[in-house]
Asks: 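Handing you a structure now.
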Amino acid sequence: MGKGAALSNGVVKKIILSYTYVAIWIFLSFTVIVYNKYILDRKLYGWPFPISLTMIHMTFCSSLAFLLVRVFKVVEPVSLSRNVYLTCILPIGALYSVSLWLSNSAYIYLSVSFIQMLKALMPVAVYTIGILFKKDTFNNSTMGNMMAISVGVAIAAYGEAKYDSWGVFLQLLAVLFEATRLVMIQILLTSKGISLNPITSLYYVAPSCLVFLSIPWIFVELPILRQSSSFQFDFAIFGTNSLCAFALNLAVFLLVGKTSALTMNVAGVVKDWLLIAFSWSVIKDTVTPVNLIGYGLAFLGVAYYNHKKLQALKAKEAQKKSQQADEEAGRLLTERDSNGSSDGKKGDTQA
């Protein structure tokens, strides 16, 4: 009875903690998206400089990541050679910088709700690029699922009240670059046994992002900022915005570390629906019935995709446990046989 109660309390505690991590991640992800929209939208705070905003985030995150890794030693740095940094980290940093630049730029032209609908194409992009780079294999069922997601997003786009072609182009490019980055992480890092958590990832990748972003910034935004003599850097706005962005990375670290990456994917679907509801009810973005029908179809496709991934993960885990059990049984049989043969030799000696 006591053991059962203790076990039950332990399970309940674990479930509560898992939901707490999910809630924190959803809240911070929600906050960063809405905050970025507020800053970049010309009708709200009115500072339409996505490269500058991303550079502020990268400077802040690089500094805090350095303190956590080198000064406070919260996490251990990963040992990387110069060759690995140049051939693996820098390409990922370049892709990440372009992805952030484009996705932040889209907030100037599109509503928060519509951007979340377009982001539903991420599994499609990751799967397609995975096939191109031979990290994934073509499967008719999976491709049918990807087509359903694509059709759903297309319907949502058709029903968008404030459709902007340039904004859609920027967001789709952002999805493409982000998907390529995720596949390249598998090719360049995971295949070499290199694992970076969100803190060490910021420690190594954020400085390179800052360097890459500075190139378009010099030509695109710096001349405009120089002409805008009225602008005063608002430490309260940009400081809290950067802090939220860094806290989001810490939340990812906690969520993936204490649950799984799949949990984050599922939580992301919940977050998207909450953002759509918030965008409609608070920001007063127009969400049409066609929008919802299209995104609903895409949502079902993404949910099915996550379900299949979970099933594959469980099957892989079961196979791994089965192999371990077989190896353990083989080892025990070998030990028994060797013990039996040594006992036989002892008996012959005594005779």
Asks: So, Ser113 and Asp285: side-chain donor and acceptor under 3.5 Å apart, yes or no?
Replies: no
Asks: Quick one: does any side-chain atom of Asn145 pair with a main-chain N or O of Ser141 as donor and acceptor, under 3.5 Å?
Replies: no
Asks: Classify the angle between the aromatic ring planes of Tyr163 and Phe114 as parallel (below 30°), tilted (30 to 60°) or perpendicular (above 60°).
Replies: tilted
Asks: Within a 6.0 Å radius of atom CZ on Phe278, are there more than 12 heavy atoms belonging to other residues, nucleotides or ligands?
Replies: yes
Asks: Within the distance-only criterion (no hydrogens, no angle test), does the side chain of Thr87 pair as donor or acceptor with the backbone N or O of Asn83 below 3.5 angstrom?
Replies: yes
Asks: Between Tyr295 and Leu300, does the side-chain contact (heavy atoms from CB on, under 4.5 Å) criterion hold? Intermediate values first, please.
Replies: CA-CA 9 Å; Tyr295 184 66; Leu300 290 174; over 6 Å; no
Asks: Just by distance, no angles: are the side chains of Thr288 and Asn291 close enough, under 3.5 Å, to form a donor-acceptor pair?
Replies: yes
Asks: Any chance you could lay out the side-chain contact (heavy atoms from CB on, under 4.5 Å) test for Leu80 and Ile89, step after step, and finish with the verdict?
Replies: CA-CA 9 Å; Leu80 296 176; Ile89 300 298; 3.9 Å; yes
Asks: Taking Trp25's backbone N and O only, do any of them form a donor-acceptor pair with Ser29's side chain (distance below 3.5 Å, no angle check)?
Replies: no
Asks: Just jot down the salt bridge (Lys or Arg N to Asp or Glu O under 4.0 Å) partners of Glu178, sequence neighbours excluded, or say none.
Replies: Arg181
Asks: Would the Tyr19 and Tyr21 ring centres measure less than 6.0 Å apart?
Replies: no
Asks: Is there a donor-acceptor pair closer than 3.5 Å between any side-chain N or O of Thr128 and the backbone N or O of Ala125?
Replies: no
Asks: Given side chains that start at C-beta, do those of Ile194 and Cys88 come closer than 4.5 Å, heavy atoms only?
Replies: no
Asks: ring-ring contact (aromatic ring centres under 6.0 Å, His included): which pairs involve residues 84-106, sequence neighbours left out?
Replies: none
Asks: State whether the side chain of Thr240 and the backbone N or O of Ile237 hold a donor-acceptor pair below 3.5 Å, judged by distance alone.
Replies: yes
Asks: Pairs in or reaching into residues 31-50: which pass ring-ring contact (aromatic ring centres under 6.0 Å, His included), with residues at least two apart or in two chains?
Replies: Tyr38-Tyr45, Trp47-Phe49, Trp47-Phe231, Trp47-Phe238
